[in-house]
Amino acid sequence: MKVRTRIAPSPTGDPHVGTAYVGLVNYCFAKHHGGEFLLRIEDTDQVRSTPQSEQAILDALHWLGLRWDEGPDVGGPHGPYRQSERSAIYRKHVDELLAAGHAFKCFCTALRLDEMRVAQRAAGKPPRYDGLCLSYGAAETARREASGEPYVVRLKVPENGVCTFDDLRRGTIEIEWQGVDMQVLMKSDGLPTYHLANVVDDHLMEITHVIRGEEWVSSAPKHLLLYSYFGWQPPSIMHLPLLRNPDKSKLSKRKNPTGMLFYKSMGYLPEALANFLGLLANSAHDGQDEILSLEQMVERFALDHVPLGGPVFDVQKLDWLNGRYVRERLDPAAFVARVRDWAFTPERVERIAQLAQPRIERLSDLGLLLAFLFAGRLPLEAADLRGGKLDDAAMRQAFQLALFELDAMPDWSIAGIERALKRVAEALGRKFRDVARPFYVAITGSPTSIPLYDAMDLLGRDMVRERLRGALEVLGVPSAKEQAEWKKLLDAVPQGESA
RNA sequence: GGCGCUAUCGUCUAUCGGUUAGGACAGCCGCCUUUCACGUGGCAAAGACGGGUUCGAUUCCCGUUAGCGCUACCA
């Protein structure tokens with residue numbers, strides 16, 4: 001049987017290096033066995049999914065060098081490859097489960113469910129749907145449905161016994177059915193949840209090996225249960241460890257740059273990033289050179305060498321690898337081409353020139369005026385940030401609130417940036433012009449520069465986040481408590497275009 | 001709180017019962033060099049803890065501890 005793997009990102013944010021890591025492993029495994037690798041978009045969360053995010057993820061994975069045999073952009077015999085376009089398929093399968101008595105309609109309100117869980121937790125029991133709606137007879141269920149009560153469809157789960165399954169790397173894992181919740185399979189909006197859509201699609205797309213992040217281990221029983229309810233042969237499964245911050249917590253953008261676009265704008269070469277990620281999945285042995293092309297990684301890939309402990313994303317090692325690629329793998333012409341593509345594309349140069357021209361007297365002013373556009377973190381000191389109307393405490397708040405707002409923006413745009421920063425000023429009860437200065441310094445390194453919103457737009461969200469975090473490190477990173485309190489300031493500002 | 005996963009130098013890892021526990025990044029000391037970088041030679045650095053099993057455990061089993069994950073009509 002031909003090996004078929006997939007990566008199934010959810011388009012709810014910027015492309016994440018964790019997605020690249022999982023994608024790379026799936027790619028290497030499939031190709032190592034002469035199989036196929038596909039890409040599926042899991043956009044069943046209508047509220048958070050955006051087409052822009054989907055495009056960004058596809059672009060970023062392409063940039064990294066991954067190619068898929070089937071996917072929303074390249075098509076294939078098992079499409080559509082976007083879950084939002086497969087509603088009818090899920091509906092049919094849900095009906096099948098309902099008809100067979102493997103699932104049931106649940107009319108419980110969020111409030112009741114909350115209270116139930118609080119009580120269960122207090123009693124030291126695993127949170128699990130208590131089965132109230134399961135006790136209704138067919139007549140009662142039909143009556144509620146007819147009266148227009150919204151409902152979800154839940155999975156029926158065995159009352160006792162244990163679910164035993166094999167993880168390709170971890171071996172046998174046992175989880176008691178009592179600890180497995182009666183998962184919602186179809187939301188009241190009629191769309192499936194991840195669990196249902198994922199299982200149905202993996203089966204229909206003939207996925208033979210599901211290789212995914214460790215966060216899915218505890219929901220594996222639900223998935224396996226679905227396979228058995230449908231009478232399908234489940235795929236082999238394996239869970240990859242989660243990438244970590246240096247403090248060992250799950251890699252998060254609060255503590256570290258996690259966006260692929262950040263690494264791109266920092267000037268890391270895609271082959272170096274892929275190489276680095278590949279090393280975290282399959283390390284080189286003893287004396288072997290750690291510089292490995294994608295082809296080499298495919299060739300030497302071995303599942304049983306994938307680590308189980310969450311590897312720390314060590315930027316220093318990435319730096320070293322990238323340095324070697326820059327020095328050893330690019331001839332002068334290729335180097336020039338890379339630099340051009342990195343930050344000197346004609347469109348970008350044009351745009352920057354238009355912003356810079358009115359602000360200089362000599363062409364030689366250009367270097368210092370624009371240096372920040374071609375740099376990573378700026379060498380800031382507290383004194384650089386001071387000098388405006390805000391004291392340190394206010395600047396820390398301003399930067400932190402900006403981080404909140406900028407992260408919450410659906411799309412990165414000048415208009416959005418402006419709205420976000422004005423909101424921050426309002427939340428702090430300051431005039432925007434007083435707040436502007438520290439932002440100029442944090443972002444551009446100087447209180448006078450090209451327009452702030454353009455600068456931020458040009459830099460990109462990930463780099464802006466990095467600069468703001470850099471400024472916060474200089475002034476003192478807010479504690480979790482401070483962050484939570486400050487966030488309330490933002491909540492107090494009404495949404496909308498006003499400001 | 002409940003359930004699960006994990007545990008070798010600071011970091012990424014090798015070891016598949018017997019090794020002076022190996023390599024790489026970072027660090028430190030040299031060499032090379034008009035600076036820096038690169039390159040190169042070397043140094044330092046690890047089996048979480050406690051029980052078993054065994055002639056012998058880093059390796060197998062159990063417990064403890066710690067870290068992480070899950071605990072949603074998000075994925």
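The basis for the numbers below is simple: all heavy atoms, side chains too, and nothing from hydrogens, waters or symmetry mates. A, B, ... follow the sequence lines: proteins, then strands. Residue 1 opens every chain.
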(request) Look at all strands and tell whether A/Arg128 reaches a base, only sugar-phosphate, or nothing, counting heavy atoms closer than 4.0 Å. (result) nothing
(request) Answer yes or no: does a side-chain N or O of A/Thr193 lie under 4.0 Å from OP1 or OP2 of B/A75? (result) no
(request) Assign A/Pro307 to base, sugar-phosphate, or nothing according to its heavy-atom contacts below 4.0 angstrom with the strands shown. (result) sugar-phosphate
(message) Is it the case that the base of B/C68 and the side chain of A/Ser249 share a donor-acceptor contact (distance under 3.5 Å, atom types as modelled)?
(response) no
(request) Verify the contact: side-chain N or O of A/Arg154 to OP1 or OP2 of B/C73, cut-off strictly under 4.0 Å; return yes or no. (result) yes
(message) Before we go on, tell me: are the rings of A/Tyr194 and A/Trp216 under 6.0 Å apart, centre to centre?
(response) yes
List, one per line, each side-chain donor-acceptor pair under 3.5 Å for residues 300-307 of chain A, sequence neighbours excluded.
from     : atom 1 : to       : atom 2 : distance (Å)
A/Arg300 : NH2    : A/Ser283 : O      : 3.2
A/Arg300 : NH2    : A/Gln288 : OE1    : 3.4

(request) Report yes or no: is there a donor-acceptor pair, N or O only, under 3.5 Å between the side chain of A/Arg327 and the base of B/C38? (result) no
(request) Using side chain to side chain contact (heavy atoms under 4.5 Å, CB included) as the criterion, point out the one residue from A/Ile7, A/Leu294, A/Thr19, A/Val298 that pairs with A/Leu24. (result) A/Leu294
(request) Could you walk me through whether A/Leu224 and A/Ile237 pass side chain to side chain contact (heavy atoms under 4.5 Å, CB included), step by step? (result) CA-CA 10 Å; A/Leu224 265 356; A/Ile237 56 180; 4.2 Å; yes
(request) Specify the separation, in whole Å, of atom CG of A/Leu321 and atom P of B/C25. (result) 10 Å
(request) Identify the nucleotide, in any strand shown, that forms a Watson-Crick or G-U wobble pair with B/U8, with both distances under 3.5 Å; if there is none, say none. (result) none
(request) Scan A/Gly309 against the nucleic acid and name what it touches under 4.0 Å (heavy atoms): base, sugar-phosphate only, or nothing. (result) sugar-phosphate
(request) With heavy atoms under 4.0 Å as the rule, sort A/Pro127 into base, sugar-phosphate or nothing. (result) base
(request) For B/A57, give its Watson-Crick or G-U wobble partner with both distances under 3.5 Å, or none. (result) none
(message) B/A72, OP1 or OP2 - any side-chain N/O from A/Lys222 closer than 4.0 Å?
(response) no
(request) Return no unless some side-chain N or O of A/Arg117 is found under 4.0 Å from OP1 or OP2 of B/A72. (result) yes
(message) Would you say A/Lys187 places a side-chain N or O within less than 4.0 Å of OP1 or OP2 belonging to B/A75?
(response) yes
(request) Determine the contact category for A/Gln120: base if any of its heavy atoms lies under 4.0 Å from a base atom, sugar-phosphate if only primed atoms, P, OP1 or OP2 are that close, otherwise nothing. (result) nothing
(request) Using a 4.5 Å cut-off on heavy atoms from C-beta on, say whether the side chain of A/Asp181 contacts that of A/Val157. (result) no
(request) Taking only the side-chain nitrogens and oxygens of A/Lys250, find out if one of them lies under 4.0 Å from OP1 or OP2 of B/C70. (result) yes
